[in-house]
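Down below is the structure, laid out as structure tokens.
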Amino acid sequence: MGSATVFRHRRPNVTQKQTLTVRDNRTGDEYELDITDGTIRASDVGKIGKTGEEPGLAVYDPGFTNTASTRSAVTYIDGDRGILEYRGYPIEQLAESSTFLEVAYLLIHGELPTKEQHDQWVHEITFHTFVHENLKSLMQGFRYDAHPMGMLLSSVGALSTFYPEARNIKDPQVRHEQIVRLIAKMPTLGAWSFRHAQGKPYVYPDNDLTYTENFLSMLFRMSESKYEPDPRLSKALEVLFILHADHEQNCSTNAVRSVGSSQVDPYSAVSAGIAALYGPLHGGANEAVLRMLKRIKTKDNVPAFIEGVKNGDERLMGFGHRVYKNYDPRAKIIKKATEDVFEVTGVNPLLEVAQELEKIALEDEYFVSRKLYPNVDFYSGLIYEALQFPPEMFTVLFAIPRTAGWLAQWLELVDDPEQKIARPKQIYTGERQLDFIPAAQRWS
Ligand SMILES: CC(C)(COP(=O)(O)OP(=O)(O)OC[C@H]1O[C@@H](n2cnc3c(N)ncnc32)[C@H](O)[C@@H]1OP(=O)(O)O)[C@@H](O)C(=O)NCCC(=O)NCCS
């Protein structure tokens, strides 16, 4: 179905009314629809042309590119101005001065914690990091080369069987317990899926460490009696987690909300979010950046590569964004984190290639006129590689902090009296009322 032209007829009789007048040229009927917050209600559109026999008009919007599915007070994005805020707080300030667990509290509860609330929250998360031994056995049952995202997705889904009370989603206390468990256990499950592929023993959580320190310990600890991560690495991870904690109604959040709208338990809803993130169009861009940098190899090859991009041979991965048309506010912050990580790990030679690409692209008319700026994935792949993560782990590192955002959005959904089970319409294009001929007759 192609997109038809929308004609604009300018008429002088402007009113200040917040309504939309629609004339149905099939019937000559006119309708006046309320405009609220820059939207009209699809259910109002459904009244257009509706008769006893005929359904009303519907909107066709594959990929929901122009459909608001919810009212939300979690995350604000203004792509044209390069603004990202969680609960009203700019991402730059949170990344600079907060911790991931404080940001998670903010996303879930809607406001910053008092000292007591913070301490209680950190205590609860820290003491729910262990998982049932049977879940460990389940993970150990995966093939030696299992993709860590597949393991994460399955093990989070399996958590619902360990906490059957989680299905009682109307009970605020039960909801709180599952939120704490999910945020607490994600690093454990993520780290174990990493260790599994390496054939290394799973490392149990160390509750003396902070959230990101403990994650690093579960990832990298070997025989040392106490693992002490470099504070610059745990801080860089903290920043990366904050940057990835939420991004409003993206594909995986929409998956969590859509599955959650059936009133299933939050483990199942979050595993749907992980499944969505597993796809290359969502969580896989930083891996593509890394592959591109490896292919370019040296700084000297950058101009020829840029020429190829301008000729339309391929895209400059890590540049451009569907929403951000000014700059991606997360990219600036991540660039600084990259420098901090390289101080510890030594400079990745690909950094030079990335910097040269960025320098040329930011000055080049092709990129400037199309508003193509580095996005969050341009540098995150370099950091992850410097930390010795294989590319399959990159999406796991995204899923762990995004769990806080998914749960904040899920809570909003569960409490929203306007929400219903997600059930889009379709435009049926198949056959109708065919006469069935039994197989024996068709094949004779
Ligand atoms: C993210 C992305 C899909 C957004 O796409 P979009 O908003 O639909 O933008 P479009 O594909 O319509 O691109 C608009 C123009 O910029 C060009 N463009 C967009 N991204 C480009 C890139 N990374 N390299 C080169 N050209 C690019 C397009 O070719 C198009 O040019 P044209 O007008 O001459 O045809 C796109 O920028 C992209 O593919 N980026 C690389 C992948 C990436 O980093 N993804 C991670 C996003 S967090």
Side-chain angles (χ1 to χ4, degrees), residues 3 61-67 75 77-84 91 95 149 239-255 273 276-296 301-335 337-338 350 353-385 391 394-399 401-402 405:
S3 61
D61 189 7
F64 311 129
T65 56
N66 194 30
T67 297
T75 290
I77 299 177
D78 181 337
D80 291 333
R81 295 190 181 80
I83 295 173
L84 168 60
I91 191 69
M149 269 306 260
V239 170
L240 282 164
F241 278 10
I242 292 172
L243 297 185
H244 286 93
D246 197 51
H247 214 228
E248 53 117 305
Q249 307 310 315
N250 53 82
C251 175
S252 58
T253 303
N254 184 58
L277 201 60
Y278 200 171
L281 290 188
H282 194 359
N286 47 16
E287 190 181 334
V289 172
L290 209 63
R291 265 190 270 115
M292 173 190 76
L293 294 176
K294 284 185 175 162
R295 203 155 39 85
I296 301 174
N301 294 333
V302 168
F305 177 81
I306 293 274
E307 272 319 298
V309 170
K310 287 160 64 174
N311 291 337
D313 299 344
E314 62 184 302
R315 290 203 161 190
L316 173 50
M317 299 312 287
F319 262 65
H321 197 276
R322 172 56 61 79
V323 176
Y324 296 116
K325 298 298 180 195
N326 179 325
Y327 66 90
D328 182 339
R330 301 167 299 174
K332 274 191 187 168
I333 306 167
I334 224 164
K335 198 173 168 188
T338 312
L350 294 176
V353 178
Q355 284 171 334
E356 185 67 9
L357 273 174
E358 186 182 5
K359 189 169 136 261
I360 296 186
L362 289 180
E363 287 164 2
D364 193 296
E365 208 277 325
Y366 175 94
F367 298 93
V368 175
S369 64
R370 288 171 178 77
K371 302 186 172 177
L372 300 172
Y373 297 85
N375 60 46
V376 70
D377 293 313
F378 191 65
Y379 282 102
S380 61
L382 282 175
I383 298 189
Y384 295 150
E385 201 196 43
F394 293 3
T395 331
V396 171
L397 295 159
F398 189 160
R402 183 55 59 86

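Ligands are counted one by one from 1 in listed order, and the atoms in each one are counted from 1 as well.
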Treating [X] as the side-chain partner and [Y] as the backbone partner, does any N or O pair qualify as donor plus acceptor under 3.5 Å?
| X | Y | result |
| --- | --- | --- |
| Asn375 | Asp377 | yes |
| Asp78 | Ile83 | no |
| Lys371 | Phe367 | no |
| Asp61 | Thr65 | yes |

### Query
Which heavy atom in Ala354 sits nearest to a heavy atom in Leu382, and how many Å separate them?
CB-CD1, 3.8 Å

### Phe394-His244 aromatic ring centre distance below 6.0 Å
no

### Query
Which protein residues have a heavy atom under 4.0 Å from ligand 1?
Ala285, Val309, Arg315, Leu316, Met317, Gly318, Phe319, Gly320, His321, Arg322, Lys325, Tyr366, Arg370, Leu372, Asn375, Asp377

